[in-house]
Amino acid sequence: MPSQATIISIANQKGGVGKTTTAVNLAAALAAARVPTLLIDLDPQGNATSALGYEKKEGGSILGAVRDAEDLAGKAIATRIANLSLIGAETDLASLEVELQRKENYLHQFKKHFAPLAQGGKYRAILLDCPPSLGLISMNALAASNTYIVTMQCEYLAMEGLGQILKVAGSLKDAGANPDLELAGILLTMYDARTNLSRQVEDEVRKHLAGKVFKTTIPRTVRLAEAPSFGRTIFEYDPFGPAAAAYKALGKEVAKALGLKE
Ligand SMILES: Nc1ncnc2c1ncn2[C@@H]1O[C@H](COP(=O)(O)OP(=O)(O)OP(=O)(O)O)[C@@H](O)[C@H]1O
Ligand SMILES: [Mg+2]
């Protein structure tokens with residue numbers, strides 16, 4: 001029997017907390033560890049698509065599958081990176097939220113379309129880069145996922161936003177929309193070891209959510225902020241820097257925790 005892919009949402013309703021940076025570089029790290037991986041850009045901003053160096057292509061996103069039941073598997077493109085495929089964004093993706101509202105079974109649209117991708121045997125991990133809101137796109141992503149990663153910027157009040165996303169995911173689980181949904185972990189991003197604030201946030205999160213925070217933290221580095229403008233992953237742009245090492249370590253941690261390697 002072909003192996004099932006594990007579907008992983010990268011989510012946080014808060015903007016600019018490292019979701020896309022993590023989706024792209026974790027996908028690349030898994031691919032480098034020979035885990036066949038598909039990255040799906042669910043954000044109308046299309047940042048994951050451009051960060052990986054691809055253009056928004058009309059008809060290239062998941063929109064057509066949801067709106068007109070077009071075949072989704074055929075939209076995945078093999079990227080230049082071995083073991084990494086992409087379903088990108090398109091300009092019209094902004095209308096996806098409205099398309100979902102119109103559907104009868106509006107919470108389970110992604111689940112319906114992603115299931116054949118997950119069961120086809122081609123991928124072992126499917127990463128979903130979610131937009132910064134808890135609208136129907138993110139809800140559908142969480143409803144379709146086996147697990148989710150919440151990225152969190154090490155800053156003042158970061159814990160407050162965290163409560164909200166954990167609550168929404170918990171209610172999807174408890175209300176039966178996705179009874180098996182589990183938190184893979186909270187990922188601390190943009191960590192600056194020189195500031196007390198980063199350390200304080202880390203201590204607080206690890207204390208309150210013991211065992212649910214990834215050991216790996218992602219440092220704040222200029223290279224990581226620059227890489228997307230060149231359409232390159234951190235492994236291509238600064239392969240020997242601390243950010244590449246961190247995302248490689250995260251890839252290992254995630255692969256082990258989720259049993260992604262045969
Ligand atoms: N560890 C880091 N060090 C330095 N810059 C970073 C780091 N992580 C992300 N950035 C930069 O911070 C900005 C926000 O990151 P990113 O786009 O990954 O967040 P996001 O949560 O996906 O944002 P949005 O909510 O808008 O989708 C980007 O310009 C990105 O390049
Ligand atoms: Mg993003």
Side-chain angles (χ1 to χ4, degrees), residues 8-29 39-54 56 61-62 86-91 93-94 96-97 127-139 141-142 148-155 157-162 164-165 168 185-195 197-199 201-202 205 213-251 253:
I8 310 164
S9 281
I10 316 291
N12 191 332
Q13 75 285 353
K14 210 162 177 303
V17 293
K19 293 182 289 295
T20 300
T21 305
T22 297
V24 167
N25 291 299
L26 175 58
L39 172 63
I40 306 183
D41 192 347
L42 295 177
D43 187 347
Q45 297 180 100
N47 293 340
T49 306
S50 57
L52 205 50
Y54 294 88
K56 293 184 184 179
S61 80
I62 73 157
L86 170 74
I87 297 179
E90 66 182 298
T91 312
L93 196 56
L96 180 60
E97 194 76 39
L127 266 60
L128 310 178
D129 184 30
C130 293
S133 77
L134 286 173
L136 281 184
I137 293 179
S138 296
M139 296 290 272
L142 289 168
Y148 65 109
I149 292 172
V150 180
T151 60
M152 191 181 138
Q153 193 180 339
C154 294
E155 59 170 13
L157 294 181
M159 285 281 284
E160 289 192 359
L162 192 60
Q164 201 179 339
I165 173 109
V168 164
I186 293 153
L187 177 68
L188 299 171
T189 65
M190 303 185 218
Y191 187 89
D192 189 342
R194 294 166 307 181
T195 66
L197 184 59
S198 277
R199 279 200 302 277
V201 171
E202 179 177 20
V205 176
V213 187
F214 286 110
K215 282 197 201 84
T216 310
T217 58
I218 308 299
R220 180 183 286 281
T221 76
V222 173
R223 294 302 211 174
L224 212 39
E226 286 171 351
S229 55
F230 295 94
R232 290 288 174 266
T233 69
I234 196 63
F235 302 105
E236 297 167 304
Y237 185 66
D238 186 28
F240 305 109
Y247 274 113
K248 186 177 176 193
L250 179 69
E253 203 179 340

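Only a predicted model underlies this, so the values are computations on that prediction, with no experimental measurement involved. One-based numbering, in listed order, for ligands and for the atoms of each. Values below: every heavy atom of this structure, side chains too, minus hydrogens, waters and symmetry copies.
Taken to the nearest 0.5 Å, the CG atom of L42 stands 5.0 Å off from the CD1 atom of I62. Distance check: D43 CG to S61 OG gives 11.5 Å after rounding to the nearest 0.5 Å. The line from CG of L93 to NZ of K56 is 8.0 Å long, rounded to the nearest 0.5 Å. The line from CG of N12 to CG of L187 is 11.0 Å long, rounded to the nearest 0.5 Å. Separation of atoms CG (D129) and CG (N47) is listed at 7.5 Å; rounding is to 0.5 Å. Put simply, CG on N25 and CD1 on I218 are 8.5 Å apart, with the number rounded to the nearest 0.5 Å.
When only non-hydrogen protein atoms are considered, atom 19 (O) of ligand 1 lies nearest to G18 N, 3.0 Å. With respect to atom 7 (C) of ligand 1, the closest heavy atom belonging to the protein is M190 CG, 3.6 Å. For atom 17 (O) of ligand 1, the nearest non-hydrogen atom of the protein is T20 CB, 4.0 Å. Among protein heavy atoms, atom 20 (P) of ligand 1 sits closest to K19 N, 3.5 Å. The nearest heavy-atom contact from the protein to atom 27 (O) of ligand 1 is Q45 NE2, 3.3 Å.
Here's the thing with V222: none of its N/O atoms is less than 3.5 angstrom from an N/O atom of ligand 1. For ligand 1, the polar-atom distance check against G16 finds a nitrogen or oxygen pair separated by under 3.5 Å. Here's the thing with D129: none of its N/O atoms is less than 3.5 angstrom from an N/O atom of ligand 1. Ligand 1 has no N or O atom lying under 3.5 Å from any N or O atom of T189, backbone or side chain. In terms of polar-atom proximity, T21 is counted as a contact of ligand 1, with an N or O under 3.5 Å from an N or O of the ligand.
Residues P239 and E236 approach most closely at CD-O, 3.9 Å, considering heavy atoms. Between D238 and A244, the shortest heavy-atom contact is O-CB, 3.5 Å.
T22 and Y247 are linked by a side-chain donor-acceptor pair at a separation below 3.5 angstrom, with hydrogens and angles left out of the test.
Near G15, the atoms of ligand 1 lying under 4.0 angstrom from a non-hydrogen atom of the residue are 25 (O). Here is the list of ligand 1 atoms found below 4.0 Å of a heavy atom in T221: 3 (N), 4 (C), 5 (N). Of all the atoms in ligand 1, the ones that sit under 4.0 Å from a non-hydrogen atom of P219 are 1 (N), 2 (C), 3 (N). Counting atoms of ligand 1 from 1 in the listed order, those under 4.0 Å from a heavy atom of V17 are 19 (O), 20 (P), 21 (O). Every atom of ligand 1 is numbered from 1 in the order shown, and the set under 4.0 Å from a heavy atom of I218 is 1 (N). In the vicinity of D43, heavy-atom distances shorter than 4.0 Å reach the ligand 1 atoms 27 (O).
There is no protein heavy atom less than 4.0 angstrom from atom 13 (C) of ligand 1. The protein reaches atom 4 (C) of ligand 1 closely, with a heavy atom under 4.0 angstrom from it. Closer than 4.0 Å to atom 29 (O) of ligand 1 lies none of the heavy atoms of the protein.
The closest non-hydrogen atom to atom 11 (C) of ligand 1, taken over C154, A225, A243, comes from A225.
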Carefully, step by step, assess M159 and V205 under the rule side-chain contact (heavy atoms from CB on, under 4.5 Å). CA-CA 7 Å; M159 285 281 284; V205 176; 3.4 Å; yes
side-chain contact (heavy atoms from CB on, under 4.5 Å) between I8 and L26, intermediate numbers included: CA-CA 11 Å; I8 310 164; L26 175 58; 5.6 Å; no
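Between the side chain of T49 and the backbone N or O of A89, at least one donor-acceptor pair lies under 3.5 Å. Under the 3.5 Å distance criterion, the side-chain polar atoms of Q164 are left unmatched by any main-chain donor or acceptor of G161.
Salt bridge E226/R223: present, at least one basic N to carboxylate O contact under 4.0 Å.
The only member of E202, Q153, R220 that meets side-chain hydrogen bond (donor to acceptor under 3.5 Å, both in side chains) when paired with Y191 is E202. Residue L39 forms a side chain to side chain contact (heavy atoms under 4.5 Å, CB included) with just one option from I10, L128, I87, L52, and that option is L52.
Among protein atoms, those of element N, O or S found less than 2.8 Å away from the Mg ion (ligand 2) are T20 OG1.
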